[in-house]
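Every value quoted in this text rests on a predicted model; they were computed, and no experiment measured them. For ligands, and for the atoms within them, numbers begin at 1 and follow the listed sequence.
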Amino acid sequence: MQGAFLASCLRREAENFLAALWLDFFSSPANIPRQIKAMVIFLTGGKMKKHLSLSAIVILFASWSWAAGMKAEAVPGEYIVKLKSDVGARDLRKLESDSGFAIRRGSSASQLLFVHSSQKPEQVYRQLKTALSVEYIEPNYRVHVSDLPDDKKFSNQWGLKNSNGVDIHAEKLWSHSVSSGDIIVGVTDTGISVDHPDLKENIWVNEAEANGKPGVDDDGNGFVDDVHGFHFAYPKKPVSDQNGHGTHCAGIIGGVGNNKVGVAGVLWKTRLLAAGFLDKNGSGSLEGAIQAIDYAVQMGAKVISASWGGSGRSQALEEAIRRAGDQGAVFVAAAGNESKDIDRNPSYPASYQLPNVITVAAIEKRGTMAWFSNRGVESVHVAAPGHYVLSTYKSTGYAYLSGTSMAAPFVSGVVAMMMSRHPELTPAEIKQRVIDTATPMKYLEGKILSGGLVNAEGAL
Ligand SMILES: [Ca+2]
Ligand SMILES: [Ca+2]
């Protein structure tokens, strides 16, 4: 009923698909307990046993996750509001006290508000529309990291140098130190373990904060003590990584090379900015994602690496990526791990057709597409290694991980190198060059746009 009401409210202002998403959003939370009950009855043959066996619980959880993955999942009681015209601080405080909403502003360029409320969605919607000049309201969709659990050990970093030639041709560049110069790479993820011995030298430093006072926003950018970046899931703490995923991605882009320890990244020398928003479980929402992107761009990142995604289409996220492009930033997205065609069954941000978005599939060591990797001849542009990839991990560790999450950072590293060597190229030109110079692979033909593997040497 709530969904139907909202759909009728939206009909005049939105496309049908948006109304459908709202319906989906408001109908799914109520359906989840019913889905679980149906699944339990199915698994236990109609009799509710006192204790479900472990395997049944695992299957139940996997099925539920799978079902949830098919639907766009939203955080209940959270909304993203785009304003037509800005609202004064006093009016905003009044709205908060009148309504009981908790409201946070997005970046000044975004005209966004992030609204939290336990009231019924249609009440929230009505009050916001009455009090503010609203362009659109969206649910705050969930997103998650794009990796897979894996624990097998391989002895080398095959993505950079592989005995059968299936690699990104980084090794030939390593005769001279590979640097991204002044280019800052924003890692929007679970954070980065900034003290990791293989990363420390390559972590971006906000000098004003590094030389400033604790508890004070020394550079006046709106973020207190953002010495190496900011974590929107843990805003009170110095940026770190409690999951390991972000640190793994950071090491693929820029693990310090030639320092006799651990691993080397695509770039031996770079500036990695931690724009954290995914929590210790690798989960987050678009509210954090949009803030992380805007923050990275604000601090000068020209490459945004995004190894995460979800199925909810959001105009606000699309606009954040467009804003990054307007500032000259390339956005590199993991294609996702559902082994599906994202031209037909989109995943975001991977499926946004924007001139500054490069979407990356994962290949295995022998050159085939990884079994889990999403594809799409229109929306997936290039492939990179994404199976048993060795890189830095949380604290001071190392780990092998698989996923398109691992593939995207290879491309982020290559893009940063290209931007440093060719500052004249626009994000759209960089993207075209990555596509044009990819190494053709027979297993990728007809599955992704370039039909090939990113080629660091060729792209330069
Ligand atoms: Ca600051
Ligand atoms: Ca400070």
Which atom name does Asp225 have for its N/O/S atom nearest to the Ca ion (ligand 2)?
OD1
Is Val224 close enough that one of its N/O/S atoms sits under 3.0 Å from the Ca ion (ligand 2)?
no
With rounding to the nearest 0.5 angstrom, report the NE2 to CD distance, His381 to Gln432.
9.0 Å
Anything under 30° is parallel, anything over 60° is perpendicular, the rest tilted; go ahead and classify Tyr398 against His196.
perpendicular
With distance as the sole criterion, is a donor-acceptor pair present between the side chains of Glu429 and His422 under 3.5 Å?
no
The Ca ion (ligand 2) - closest N/O/S atom in Asp218
OD2
The Ca ion (ligand 1) reached by Asn221 (N, O or S, under 3.0 Å):
yes
Answer yes or no for Ala208: is there an N/O/S atom below the 3.0 Å cut-off from the Ca ion (ligand 1)?
no
More than 12 foreign heavy atoms under 6.0 Å from NZ of Lys280: is that the case here?
no
Ring geometry between Tyr348 and Tyr352 (parallel below 30°, tilted from 30 to 60°, perpendicular above 60°):
tilted
Count the heavy atoms of every other residue, nucleotide or ligand shown that sit under 6.0 Å from CG of Asp182, and state whether that count exceeds 12.
no
Provide the atom name of the closest N, O or S atom of Asp219 relative to the Ca ion (ligand 1).
OD1
Checking distances from the Ca ion (ligand 2), one finds that the N, O or S atom of Glu209 closest to it is OE1
Which of Thr190, Asp189, Asn281 passes side chain to side chain donor-acceptor pair (under 3.5 Å) with His245? It is Asp189
With the Ca ion (ligand 1) as the reference point, give the N/O/S atom of Asp226 that is nearest.
OD1
Using a distance threshold of 3.0 Å, state whether an N, O or S atom of Val216 lies below it from the Ca ion (ligand 2).
yes
Which single N/O/S atom of Asp217 lies at minimum distance from the Ca ion (ligand 1)?
OD1
